[in-house]
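Below you'll find the structure, written out as structure tokens, and then a few comments.
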Amino acid sequence: YSLGERTVPCLSFLALTLMRVDTSPEAATRAEALLKEAGEPNNPPALFARALLLQRAQRHTEAEARLQQILQVAPRHEQA
């Protein structure tokens, strides 16, 4: 399928949405591709999606580090 808008924020939110609603390996693969296409941005949605990917891979220390990054970028981020 084809996405219309391919901006960094859009790709970041798409990756996050995939990680939050779909637990399949295919969703994780697609989210990974979206984050790479976005250039691994340093925005809260992308960092949160990356944290969820790391968590699914049982890389909890790295996932926690991504959540800490969110708090540095957006100190009032509720989910981090």
Side-chain angles (χ1 to χ4, degrees):
Y1 58 90
S2 175
L3 299 172
E5 190 175 337
R6 303 195 82 74
T7 63
V8 170
C10 182
L11 294 170
S12 299
F13 276 108
L14 285 170
L16 178 57
T17 300
L18 273 172
M19 293 307 300
R20 296 210 43 186
V21 301
D22 190 342
T23 59
S24 71
E26 295 80 15
T29 300
R30 182 67 179 135
E32 182 81 44
L34 290 167
L35 291 174
K36 285 184 180 177
E37 182 179 340
E40 293 290 339
N42 194 31
N43 63 37
L47 292 170
F48 196 47
R50 176 61 62 198
L52 292 173
L53 282 164
L54 291 165
Q55 183 180 25
R56 283 192 195 174
Q58 303 297 312
R59 295 166 57 187
H60 300 291
T61 302
E62 292 172 79
E64 185 178 340
R66 295 295 175 154
L67 295 174
Q68 291 297 325
Q69 279 183 282
I70 295 170
L71 293 175
Q72 291 174 353
V73 174
R76 295 179 177 224
H77 196 279
E78 292 179 16
Q79 293 176 327

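All values below come from the heavy atoms of this structure, side chains included, with hydrogens, waters and symmetry mates left out. Numbers here are sequence positions counted from 1.
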task = Would you kindly confirm whether Phe13 and Val73 end up in one hydrophobic cluster when ILVMFWY residues are joined by side chain heavy atoms under 4.5 Å apart?
result = no
query = If you group Ile, Leu, Val, Met, Phe, Trp and Tyr by side-chain heavy-atom gaps below 4.5 Å, do Leu52 and Leu35 land in one group?
reply = yes
What's the separation between atom [atom1] in [X] and atom [atom2] in [Y], rounded to the nearest 0.5 Å?
X     : Y     : atom1 : atom2 : result
Arg56 : Ser24 : CZ    : OG    : 7.5 Å
Leu34 : Thr29 : CG    : OG1   : 11.0 Å
His60 : Leu67 : NE2   : CG    : 12.0 Å
Leu18 : Arg30 : CG    : CZ    : 7.5 Å
Leu47 : Glu40 : CG    : CD    : 9.0 Å
Arg66 : Asn42 : CZ    : CG    : 8.5 Å

Shortest non-hydrogen contact between [X] and [Y], atoms and distance:
X     : Y     : value
Pro45 : Leu16 : O-CB, 3.8 Å
Ala51 : Ala63 : O-CB, 3.4 Å
Ala28 : Met19 : CA-SD, 3.9 Å

query = Just wondering, do Gln68 and Leu71 contact through their side chains at under 4.5 Å, heavy atoms?
reply = yes
Full working for side-chain contact (heavy atoms from CB on, under 4.5 Å) between Glu32 and Arg50 = CA-CA 8 Å; Glu32 182 81 44; Arg50 176 61 62 198; 2.9 Å; yes
query = Can you tell me if CD on Glu64 sees more than 12 non-hydrogen neighbours from other groups inside 6.0 Å?
reply = no
message = Using the rule given for side-chain contact (heavy atoms from CB on, under 4.5 Å), can you reason through Arg20 versus Phe48, listing the C-alpha separation, both sets of side-chain angles and the distance that settles it, and then say yes or no?
response = CA-CA 10 Å; Arg20 296 210 43 186; Phe48 196 47; 4.0 Å; yes
